[in-house]
Trainee: 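The structure follows.
Reminder, nothing fancy here: chain letters follow the sequence lines and each chain counts from 1. Computed from a predicted model, the values in this text were never measured in an experiment.
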Amino acid sequence: MHTIVGQEGDGSYSVLTLPPENAAPREMVQGLAEREFVTRVATVERERRPRWVFASVERGYPALVSAGVRLSRCHDLGLAEGLLLSHEGRDGQPKGLAAALARASGLEPPPDAPAHTDDQPALFETQGSGLPQGVSVVDAMATVLAEQERRVRRAGHPERMRLLIAAESASALVAAEMSADGLPWRADVHDALLTELLGPRVPAGQRPKKLVELAGRISEAFGGKPINPDSPPTIVRAFSREGISIRSARAHVLREIDHPAVPWLLEYRELARLHSANGWNWLDEWVGDGRFRPAWVVGGVVSGRWASQGGGALQIPKTLRVCVRADPGWKLVVADAAQLEPRILAALSGDRKLAEVAASTDLYARLSEAMFSKVDHESRDRAKIAMLSAMYGGTAGEAASLLALLRQRFPAAVSYVERAAGAGERGERVRSWLGRTSPAPSAAWRALTGGLAEDEATEGRARQAARNWGRFTRNFVVQASAADFTAVLLATLRQRLPASAQLVFFQHDEVIVHAPDEVAPEVPTVIDSCVADTVSLVFGASCPVRFPMHTAVVDTYADAK
DNA sequence: ACTTCCGAGCTT
DNA sequence: CCTAAAGCTCGGAAGT
């Protein structure tokens, strides 16, 4: 059963329930004020648990969450439209409701309405959505939903596309709930750390004491001329005056130089980075009430990985993990999927031998055994480079010869990624396991690689561009399938975690659950059973690949691993 | 003064 | 950096 919710042009809310297979008449409730609407949604969820249909979960769900309503299942029309359009090779088209409705009616879609900029965001952004006059938003949504279901049935693997849309939609619920709950963050611990490393807090725009001292030492080391260590060109020029020529002022370049300024510069860099990216300003702006609340962007990366907006939520430096602490009487359960991508490749490609290797918790050790008949540190490292080169298209150093050996031992897995690379080089699109589709290369790319090269330089550039795109599609099939997997895992976890436990962080292959002391010990077991179900849902019950999780129950994130 | 670009570094 | 790629954010510098 689907229940469609939307806000009409006059600001009132509508709730349209569609019984399965027309078993009963549709049930429309219109003209609801916001408070009645929230109550109605909560009641229907409690009594009937439908699949809720949103134009956009990201825009519509946060208001429900802050009113204390949590929904079990949903379908996000906008996210589904994006997945379907790119699957169909039409991803340049607008994804908004009006555009989707036009397409469903066989009309030319109007351009997407610009994102609204109200200071008071509405529950559902449908005002100004460009729907024809007199068309009810929820009626339009019902039409689009039915059309999307037809399009799913026409996909190469309808059941996989259905799962992908459900998981992507559930991810959007998770993202909104994570933003609302927030990651536990101890501002006092963070402040103490900053003070210890940088000196006492100073007003914004000023250098803390420690940085002032280091800048002074750097200037002295260059003979007393004032140097701004924040300016890379200034650093390059300063070394040039000392007779040292460097191409850039990057840390790894500086490390090669023998000069008294280098250690001070490196120390300055590290601390200045902490100060500018995660200093007191960051703390003021992003942490409140003991929580860090970033905005999460589901599917913000073409591969289906999430991005974040504000606060650099996916770039939290490891040194600050000590600030992530469970509340008193609570624990953090930190879980990451060990060596996820090679396991995904084993499952994707159906490579039996790689699946056997993936039966081990330490996949790279077993791989080393299979490739070199030994598992010492060096062999394990080389096995790892071989595998990562296969997935990323690396060619530096020993990579090419190691890859050749890997291909010999695991032809099915290696040819899977090499076929994806070949498709990319020809400008074709590739798909993840559940059907997320890579974007088409740009017109500039086609022009460069498609034409007959006039000279060698152009031909070289064309070949380079083709190889680069091949590397992208090679990686896409693995990274995007890993994102499929983690989306389904998130959806499953969200349903199964004890009610008092909260998902508070997600980073590509890692989750953090904040749970009361009494329930924390059972969370790792729940996670393991969710992983098992995810493997069956995504790859089928007979999938031989294991996906072990590293799970730790800790007080602070820094203690995980 | 404002916008846009670049270098740098952090995570996976 | 030493295996790739993408995304976010900052500060400086150049352009308007």
Side-chain angles (χ1 to χ4, degrees), chain A residues 204-207 211 215 227-237 246-256 265-266 268-279 281-282 285-286 294-321 324 336-342 344 364 381-403 406 417 420-421 424 438-439 467-480 482-483 486 505-511 557 561:
Chain A
Q206 286 183 29
R207 265 187 196 142
L211 291 182
I227 296 280
N228 177 6
D230 289 322
S231 164
T234 305
I235 295 171
V236 171
R237 280 197 301 273
I246 46 175
R247 282 188 309 288
S248 78
R250 293 222 255 274
H252 68 98
V253 174
L254 298 184
R255 261 188 273 275
E256 302 300 309
L265 266 172
L266 293 173
Y268 180 93
R269 268 287 167 71
E270 205 180 316
L271 294 176
R273 164 86 195 176
L274 177 67
H275 180 239
S276 72
N278 297 101
N281 289 346
W282 181 91
E285 189 173 356
W286 293 105
W296 303 96
V297 186
V298 172
V301 183
V302 287
S303 65
R305 280 186 167 189
W306 290 19
S308 67
Q309 218 173 45
L314 296 174
Q315 292 86 33
I316 298 171
K318 290 188 169 157
T319 51
L320 289 185
R321 290 185 180 183
V324 181
D336 75 282
Q339 303 142 351
L340 177 62
E341 294 194 341
I344 291 288
Y364 291 124
D381 278 354
R382 292 170 75 219
K384 187 172 172 179
I385 288 174
M387 178 53 76
L388 294 171
S389 302
M391 295 187 300
Y392 297 143
T395 53
E398 234 195 333
S401 60
L402 289 173
L403 184 52
L406 188 76
V417 284
S438 69
R467 263 201 305 271
N468 286 345
W469 198 254
R471 233 184 359 251
F472 166 68
T473 52
R474 170 197 291 265
N475 184 240
F476 183 96
V477 292
V478 179
Q479 191 186 105
T486 53
F505 188 69
F506 170 58
Q507 181 170 228
H508 310 315
D509 59 0
E510 182 179 18
V511 294
Y557 187 17
K561 303 197 172 162

Trainee: What's the CG-C1' distance between A:Leu265 and B:dA8, to the nearest Å?
Mentor: 13 Å
Trainee: Would you mind reading off the distance between A:Trp282 atom CH2 and C:dT9 atom P, rounded to a whole angstrom?
Mentor: 12 Å
Trainee: Round to the nearest Å and state the distance from A:Gln507 atom CD to C:dA6 atom P.
Mentor: 18 Å
Trainee: For A:Asn475 and B:dT12, give me the distance from atom CG to atom C1', rounded to whole Å.
Mentor: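 Atom CG in A:Asn475 sits about 11 Å away from atom C1' in B:dT12.
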Trainee: Over how many whole Å does the gap from A:Ile344 atom CD1 to B:dT12 atom P extend?
Mentor: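 Answer to the nearest Å: 18 Å.
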Trainee: Which nucleotide in the list C:dG7, B:dT12, C:dA5 gets nearest to the side chain of A:Arg471?
Mentor: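 My answer, after comparing the listed nucleotides, is C:dA5.
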Trainee: Which one, B:dG9, C:dT3, C:dG11, comes nearest to the side chain of A:Leu388?
Mentor: C:dT3
Trainee: Rounded to the nearest Å, what distance is computed from the CG atom of residue A:Leu271 to the C1' atom of nucleotide C:dC10?
Mentor: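 A:Leu271 atom CG is separated from C:dC10 atom C1' by 16 Å.
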Trainee: Could you tell me which non-hydrogen atom of A:Ala420 sits nearest to which non-hydrogen atom of A:Arg474, and how far apart they are?
Mentor: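 Minimum heavy-atom separation between A:Ala420 and A:Arg474: CB-CA, 4.0 Å.
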Trainee: Counting heavy atoms from C-beta on, name the nucleotide in C:dC1, C:dC8, C:dA13 closest to the side chain of A:Ser231.
Mentor: C:dA13
Trainee: Quick test of your reading of the model: are A:Glu256 and A:Arg247 salt-bridged, counting only N-O distances below 4.0 Å?
Mentor: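 Here A:Glu256 does not pair with A:Arg247 in a salt bridge, since their nearest N and O are not under 4.0 Å apart.
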Trainee: Starting at CD of A:Glu398 and ending at P of C:dT3, how long is that distance when rounded to a whole Å?
Mentor: 10 Å
Trainee: Picking from B:dA8, C:dT3, B:dT11, which would you name as closest to the side chain of A:Pro317?
Mentor: B:dT11
Trainee: With a 4.5 Å limit on heavy-atom distance, are the side chains of A:Ile316 and A:Phe505 in contact?
Mentor: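 A:Ile316 reaches A:Phe505 side chain to side chain.
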Trainee: Assign A:Ala307 to base, sugar-phosphate, or nothing according to its heavy-atom contacts below 4.0 angstrom with the strands shown.
Mentor: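 Answer is sugar-phosphate: A:Ala307 comes under 4.0 Å of backbone atoms only.
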Trainee: Can you tell which of B:dG9, B:dT11, C:dA4 lies closest to the side chain of A:Tyr392?
Mentor: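 Selected nucleotide (nearest to the side chain): C:dA4.
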Trainee: Do any N or O atoms from the side chain of A:Trp282 and from the backbone of A:Gly311 form a donor-acceptor pair under 3.5 angstrom?
Mentor: yes
Trainee: Looking only at atom C1', what distance separates C:dC1 and B:dA8, rounded to whole Å?
Mentor: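 Those two atoms are separated by 12 Å.
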Trainee: A:Met387 has an atom CE; how far is it from atom C1' of C:dT3, in whole Å?
Mentor: 13 Å
Trainee: State whether the number of non-hydrogen atoms from other residues, nucleotides or ligands found under 6.0 Å of A:Gln507 atom CD is greater than 12.
Mentor: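 Buried by this count: over 12 neighbours within 6.0 Å.
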Trainee: Looking only at heavy atoms, what is the nearest atom pair of A:Pro317 and A:Asn278, with distance?
Mentor: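 Shortest heavy-atom contact: CD-OD1, 3.4 Å.
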Trainee: Using a cut-off of less than 4.0 Å, is there contact between a side-chain N or O of A:Arg269 and OP1 or OP2 of B:dA8?
Mentor: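 Negative; the distance criterion is not met.
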Trainee: Given C:dC1, B:dA8, C:dA13, identify the nucleotide with an atom nearest to the side chain of A:Thr234.
Mentor: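 It is C:dA13.
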Trainee: For A:Arg269 and A:Ile235, what are the C-alpha separation, side-chain angles and deciding distance, and is it a side chain to side chain contact (heavy atoms under 4.5 Å, CB included)?
Mentor: CA-CA 12 Å; A:Arg269 268 287 167 71; A:Ile235 295 171; 3.8 Å; yes
Trainee: With centres under 5.5 Å and planes under 30° as the test, does A:His508 stack with B:dT12?
Mentor: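 Answer is no, no stack.
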Trainee: Of the nucleotides B:dT12, C:dA13, B:dA8, which has the atom closest to the A:Arg321 side chain?
Mentor: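 Among B:dT12, C:dA13, B:dA8, the one nearest the side chain of A:Arg321 is B:dT12.
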Trainee: Between B:dT12, B:dC10, B:dG7, spot the one nearest the side chain of A:Pro232, thanks.
Mentor: B:dG7
Trainee: Look at A:Asn228 and C:dG12 and indicate whether a side-chain polar atom (N or O) is within less than 4.0 Å of OP1 or OP2.
Mentor: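 So the side-chain polar atoms of A:Asn228 do come within 4.0 Å of the phosphate oxygens OP1 or OP2 of C:dG12, strictly under.
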Trainee: Regarding A:Ala272, tell me which of base, sugar-phosphate or nothing describes its non-hydrogen contacts under 4.0 Å with the strands shown.
Mentor: nothing
Trainee: Distance check, P atoms only: C:dC2 and B:dC6, in whole angstrom units.
Mentor: 24 Å
Trainee: Closest to the A:Arg250 side chain: B:dT12, B:dC10, B:dG7?
Mentor: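 Between B:dT12, B:dC10, B:dG7, the one nearest the side chain of A:Arg250 would be B:dG7.
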Trainee: On DNA chain C, compare the nucleotides closest to A:Trp286 and A:His252; which residue's is nearer the 5' end?
Mentor: A:His252
Trainee: Select one nucleotide: of B:dT12, B:dA8, C:dA6, the one nearest the side-chain heavy atoms of A:Ser248.
Mentor: B:dA8
Trainee: Phosphate oxygens OP1/OP2 of B:dT12: is one of them under 4.0 Å from a side-chain N or O of A:Lys318?
Mentor: yes
